[in-house]
Structures are given as structure tokens and as C-alpha cells.
Amino acid sequence: GYSREEAVFEDVPGSGVRVKELRRLFSSALFQRMVSENSLNSSYQEQEVIISQVESVFNDAQGGGISNEIESFFSSLNDVAVKPYDLAARNSFISTAQALVGRIRQSYASLEEIESSAKSQLEERVKTLNKLLSELSGQ
């Protein structure tokens with residue numbers, strides 16, 4: 001937003017000078033770069049929102065994510081492999097497998113919702129852009 005101003009002076013006979021006008025000086029190359037960088041920044045912010053939504057689905061950084069179900073699944077699978085005739089180990093394996101499948105389905109549904117929301121936002125922006133372009137072209 002910075003621009004330099006240059007004062008243009010004119011002679012006033014008998015009393016010195018006065019400011020005739022102020023000219024705004026700026027670099028068009030820097031201005032174009034600023035516009036481009038602002039656009040990139042906006043894009044990155046939108047990507048950050050989507051990525052944080054995806055991270056919240058898996059939530060592994062805080063220990064409540066899908067990795068717990070996967071670890072439990074393989075642990076119970078190992079128990080069945082060690083004791084194949086133990087009914088308790090088999091039932092535990094079935095239970096953890098069902099929990100893992102449920103978590104995968106839940107994660108899938110959440111990811112589909114995030115995708116749908118992102119597509120809707122994109123479609124809205126395209127409509128707005130098309131409307132603005134139509135207004136600019138005078139149609």
C-alpha cells in the first residue's frame with residue numbers, strides 16, 4: 001500500500017513558491033508482484049483450511065486418530081495368530097476389526113463432506129467471477 005508522493009512546485013512572483021500538485025509515484029512491477037503474492041497468499045490460506053479439516057478427521061497428532069484402531073487391529077490379529085483356538089482372542093479380533101471398519105467408514109464420510117464443501121465453495125466463486133466478468137464485458 002505504500003506509494004511515494006512527489007511535490008511539484010511553481011513560482012509565485014514576489015512571494016516564492018507554492019505546491020502546484022502532488023504526484024503519486026509507484027512501481028507497476030512491484031504492484032503486479034504484490035497482487036500476485038496476495039493471490040497466492042489467499043490460495044494458501046484456503047488450502048490451509050481444507051488441510052486442517054482433513055487433519056481433524058484423522059487426529060493422529062493428539063492420539064485419538066485412526067492409528068489407534070489400526071494398532072489394536074494388528075495386536076488382536078497377532079493374538080489370534082499366537083493362539084488360533086482361543087475364542088476370546090477371536091472375538092476380540094472381530095470386535096477390533098469391526099471398530100476399524102467403522103472408523104474407516106466414518107473417516108471416508110467426513111472426507112467426502114470436506115470434498116463436497118470445497119467443491120461448493122469453488123463453484124460459488126466461479127459463479128461470482130463469471131458474473132463479474134459478464135458485468136465488465138457489458139453483457
Side-chain angles (χ1 to χ4, degrees):
Y2 173 77
S3 66
R4 194 177 81 193
E5 291 183 349
E6 178 181 68
V8 178
F9 298 99
E10 69 178 349
D11 286 331
V12 177
S15 63
V17 295
R18 72 178 173 112
V19 176
K20 180 179 178 182
E21 66 178 294
L22 289 174
R23 291 186 193 153
R24 184 172 159 247
L25 304 173
F26 71 98
S27 167
S28 62
L30 288 177
F31 179 74
Q32 291 298 327
R33 184 171 177 193
M34 181 188 74
V35 169
S36 174
E37 294 299 322
N38 282 340
S39 176
L40 278 173
N41 184 38
S42 176
S43 173
Y44 291 145
Q45 287 175 347
E46 291 170 10
Q47 289 176 13
E48 180 185 20
V49 168
I50 293 171
I51 289 171
S52 68
Q53 291 173 344
V54 171
E55 283 179 342
S56 71
V57 169
F58 295 106
N59 198 21
D60 282 332
Q62 298 174 354
I66 198 167
S67 64
N68 290 342
E69 279 88 0
I70 292 172
E71 288 176 19
S72 296
F73 172 79
F74 283 109
S75 175
S76 64
L77 180 62
N78 186 49
D79 292 344
V80 170
V82 171
K83 301 175 187 175
Y85 300 107
D86 185 4
L87 290 178
R90 287 182 183 184
N91 288 335
S92 175
F93 171 71
I94 291 170
S95 172
T96 56
Q98 288 172 338
L100 177 60
V101 168
R103 181 59 187 254
I104 290 171
R105 286 182 177 154
Q106 177 187 13
S107 297
Y108 179 75
S110 296
L111 291 174
E112 279 188 322
E113 186 177 318
I114 292 168
E115 178 188 28
S116 174
S117 174
K119 281 182 179 179
S120 295
Q121 290 176 358
L122 182 61
E123 288 171 357
E124 245 345 276
R125 289 194 176 139
V126 168
K127 286 179 186 176
T128 302
L129 182 60
N130 284 338
K131 179 182 174 190
L132 291 172
L133 290 172
S134 174
E135 289 174 4
L136 283 175
S137 69
Q139 293 180 353

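All figures in this text were calculated on a predicted structure; none of them were measured in a lab.
The CD atom of Gln98 sits 11.5 Å away from atom CZ of Phe73, with the distance rounded to the nearest 0.5 Å.
Annotation for Glu46: atom CD counts as buried by contact number, over 12 foreign heavy atoms lying within 6.0 Å.
With a 4.5 Å cut-off on side-chain heavy atoms, Asp79 and Asp86 do not count as touching. Side chains of Leu111 and Phe58 form a contact here, defined as non-hydrogen atoms less than 4.5 Å apart. Looking at Leu40 and Glu37, their side chains come closer than 4.5 Å, going by heavy atoms from C-beta outward.
Side-chain contact annotation: Glu112 with Tyr108, donor-acceptor N/O pair under 3.5 Å present.
For Ser76, the side-chain hydrogen bond (donor to acceptor under 3.5 Å, both in side chains) partners are Thr96, not counting sequence neighbours.
In terms of heavy atoms, Lys83 sits closest to Ala89 at O-CB, 4.4 Å. Looking at every heavy atom in both residues, Glu69 comes nearest to Leu100 through CB-CD1, 3.8 Å.
Val57 and Val49 are members of different hydrophobic clusters when ILVMFWY side chains are connected at heavy-atom separations under 4.5 Å.
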Starting from the C-alpha separation in whole Å, work towards a yes-or-no answer on side chain to side chain contact (heavy atoms under 4.5 Å, CB included) for Arg105 and Val101. CA-CA 6 Å; Arg105 286 182 177 154; Val101 168; 3.8 Å; yes
Are Glu124 and Ser120 close enough, and set up right, to give a side chain to side chain contact (heavy atoms under 4.5 Å, CB included), and what steps lead you there? CA-CA 6 Å; Glu124 245 345 276; Ser120 295; over 6 Å; no
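For the pair Glu123 and Lys127, the salt-bridge criterion is not met [side-chain N within less than 4.0 Å of a carboxylate O].
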